[in-house]
S.K.: 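Pasting in a structure now, in structure tokens, and then I'll have a few things to ask.
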Amino acid sequence: MTLSIKEKIKENPFLKKLAIYLLMPKNQNRPRWWVRNLWNPFKHKRGKNAVIRWKARLDVIPYNKFDVGDNSIVEDFSVINNQVGDVIIGKRSLIGISSIIIGPVQMGNDIMLAQHVVISGLNHGYRDVTKSISEHKVTTGKIIIEDEVWIGANSVITAGITIGKHSIVAAGSVVTKSVPPYTIVGGNPAKKIKQYNAETQRWERFVSTNI
């Protein structure tokens with residue numbers, strides 16, 4: 001099977017190092033000017049009426065996806081980083097002021113992120129104590145946020161988590177386990193508070209404290 005150019009670069013240490021140097025200055029995550037202004041606008045998809053405020057920071061590179069759906073907004077001082085995984089934002093979604101999204105992250109439609117929300121599909125290794133943590137390879141776990149989710153201010157969503165449809169994450173929560181659909185969670189670590197009962201058509205308080 002013939003390897004693509006992208007795969008050949010990833011498998012060759014020299015070519016990979018050269019490609020990263022051409023895309024970003026050494027020890028920086030912000031892409032070079034020519035990548036931000038001459039390449040990315042033609043590579044990444046922005047839906048109809050989608051808005052990315054001019055003070056938002058896009059640390060995005062062309063070899064991974066960064067898509068924003070129709071009528072979605074990325075507010076000022078937010079940071080989007082797709083360098084270790086795709087970032088997909090669906091339609092009619094709001095990325096609140098000063099929020100951070102680090103791929104791999106897939107968000108559905110009608111998502112609301114309040115202010116200062118951190119969603120990171122990246123983790124740093126740490127097990128080899130003869131190396132600094134910065135020298136370890138990173139690991140990734142895809143985060144999936146389904147349609148109609150609301151995430152409160154100052155919340156943190158950790159790698160590998162799925163948040164089910166129409167669920168709510170209370171402000172200040174740290175989500176370390178996946179959240180079922182139609183569920184309200186809160187706390188550090190986040191635990192179930194309420195869940196929608198389709199039979200009674202009511203949001204009912206959850207007795208157990210475990211997700």
Side-chain angles (χ1 to χ4, degrees), residues 45-53 56 65-82 85-123 139-211:
K45 297 178 182 178
R46 188 181 303 190
K48 184 178 179 181
N49 298 321
V51 175
I52 299 177
R53 303 293 188 196
K65 290 182 180 180
F66 169 52
D67 298 344
V68 181
D70 298 347
N71 300 298
S72 290
I73 300 175
V74 178
E75 286 287 9
D76 283 328
F77 310 112
S78 294
V79 178
I80 309 292
N81 186 311
N82 75 339
D86 299 340
V87 174
I88 310 296
I89 300 171
K91 299 177 181 179
R92 302 175 301 278
S93 294
L94 170 65
I95 310 303
I97 292 172
S98 297
S99 292
I100 298 172
I101 301 177
I102 301 173
V105 173
Q106 181 173 329
M107 300 173 60
N109 302 323
D110 303 296
I111 307 292
M112 292 194 304
L113 266 59
Q115 302 79 22
H116 306 281
V117 172
V118 176
I119 300 175
S120 178
L122 174 148
N123 265 323
T139 60
T140 60
K142 185 176 181 179
I143 294 173
I144 299 174
I145 302 176
E146 297 179 353
D147 296 346
E148 303 170 14
V149 167
W150 173 23
I151 301 178
N154 300 302
S155 294
V156 177
I157 313 299
T158 58
I161 296 302
T162 294
I163 300 181
K165 182 178 179 178
H166 205 95
S167 289
I168 299 170
V169 177
S173 299
V174 178
V175 182
T176 60
K177 295 181 180 180
S178 292
V179 178
Y182 302 96
T183 302
I184 300 174
V185 300
N188 180 8
K191 301 181 187 301
K192 277 185 180 179
I193 299 172
K194 290 184 178 182
Q195 194 163 31
Y196 185 73
N197 186 326
E199 293 183 359
T200 63
Q201 298 185 348
R202 297 182 64 180
W203 289 88
E204 299 177 354
R205 186 163 293 278
F206 195 75
V207 177
S208 173
T209 58
N210 295 317
I211 291 180

S.K.: Ile119 and side-chain contact (heavy atoms from CB on, under 4.5 Å): which partner among Ile100, Ile151, Ile161, Val175?
M.R.: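 Going through Ile100, Ile151, Ile161, Val175 one by one, the side-chain contact (heavy atoms from CB on, under 4.5 Å) with Ile119 is satisfied by Ile151 alone.
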S.K.: Could you tell me if the side chain of Asn197 sits less than 4.5 Å from the side chain of Tyr182, heavy atoms only?
M.R.: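 Side-chain contact under 4.5 Å: no.
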S.K.: Keeping Ser78 on the side-chain end and Gly96 on the backbone end, is there a donor-acceptor pair under 3.5 Å?
M.R.: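 Yes; judged by distance alone, with no hydrogens or angles, the pair exists.
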S.K.: For a 4.5 angstrom cut-off between non-hydrogen side-chain atoms, does Leu113 reach Ile101?
M.R.: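 Yes, side chains in contact.
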S.K.: Test: side chain to side chain donor-acceptor pair (under 3.5 Å). Region: residues 88-98. Which pairs qualify, not counting sequence neighbours?
M.R.: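 Residue pairs with at least one partner in residues 88-98: Arg92-Asp110.
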S.K.: Taking all non-hydrogen atoms of both residues, which atom of Glu146 and which atom of Thr162 are closest, and how far apart?
M.R.: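 Answer, listing the atom of Glu146 first, then Thr162: OE2-CG2, 4.0 Å.
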S.K.: Hey, mind stepping through Tyr196 and Gln201 against side-chain contact (heavy atoms from CB on, under 4.5 Å) and telling me if it holds?
M.R.: CA-CA 7 Å; Tyr196 185 73; Gln201 298 185 348; 3.4 Å; yes
S.K.: Taking the side chain as everything from C-beta on, heavy atoms only, tell me whether Gln195 gets closer than 4.5 Å to Thr183.
M.R.: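 Yes - at least one pair of side-chain heavy atoms lies under 4.5 Å apart.
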S.K.: Applying side-chain contact (heavy atoms from CB on, under 4.5 Å) to Leu94 and Glu75, what does each step give before you reach the verdict?
M.R.: CA-CA 8 Å; Leu94 170 65; Glu75 286 287 9; 3.9 Å; yes
S.K.: How far apart are the C-alpha atoms of Val149 and Met112, what are their side-chain angles, what is the distance that settles it, and do they pass the side-chain contact (heavy atoms from CB on, under 4.5 Å) test?
M.R.: CA-CA 6 Å; Val149 167; Met112 292 194 304; over 6 Å; no
S.K.: Considering only heavy atoms from C-beta outward, does the side chain of Lys142 approach that of Asp86 to under 4.5 Å?
M.R.: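 Not in contact.
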S.K.: Taking Ser173 for its side chain and Gly187 for its backbone only, find out whether a donor-acceptor pair lies under 3.5 Å.
M.R.: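 Yes, the answer is positive, given that a donor and an acceptor are paired below the 3.5 Å cut-off.
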S.K.: Output, in order, the C-alpha distance, side-chain angles, deciding distance and verdict of side-chain contact (heavy atoms from CB on, under 4.5 Å) for Ile80 and Ile52.
M.R.: CA-CA 11 Å; Ile80 309 292; Ile52 299 177; over 6 Å; no
S.K.: Have a look at Ser167 and tell me which of Val179, Ile184, Val185 forms a side-chain contact (heavy atoms from CB on, under 4.5 Å) with it.
M.R.: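 When Val179, Ile184, Val185 are each tested with Ser167, the side-chain contact (heavy atoms from CB on, under 4.5 Å) holds only for Val179.
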S.K.: When you measure from the side chain of Asp147 to the backbone N and O of Asn109, does any donor-acceptor pair fall under 3.5 Å?
M.R.: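 Such a contact is found between Asp147 side chain and Asn109 backbone.
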S.K.: For Trp203, is the CH2 atom crowded, meaning more than 12 foreign heavy atoms sit under 6.0 Å from it?
M.R.: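 For Trp203, atom CH2 is crowded (more than 12 foreign heavy atoms under 6.0 Å).
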S.K.: Okay, side chain of Asp70, backbone of Lys48: is any donor-acceptor separation there less than 3.5 Å?
M.R.: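 Between the backbone of Lys48 and the side chain of Asp70 there is a qualifying donor-acceptor contact (under 3.5 Å).
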S.K.: Is the backbone of His166 close enough, under 3.5 Å, to the side chain of Glu148 for a donor and an acceptor to pair up by distance?
M.R.: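 Not at all, since once roles are kept as given, no pair shorter than 3.5 Å links the two residues.
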S.K.: Is there a donor-acceptor contact under 3.5 Å from the side chain of Ser120 to the main chain of Ala159?
M.R.: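 No; judged by distance alone, with no hydrogens or angles, the pair does not exist.
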S.K.: Backbone N or O of Gly90 within a donor-acceptor pair of the Ser72 side chain at under 3.5 Å?
M.R.: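 Yes, Ser72 side chain to Gly90 backbone: donor-acceptor pair under 3.5 Å.
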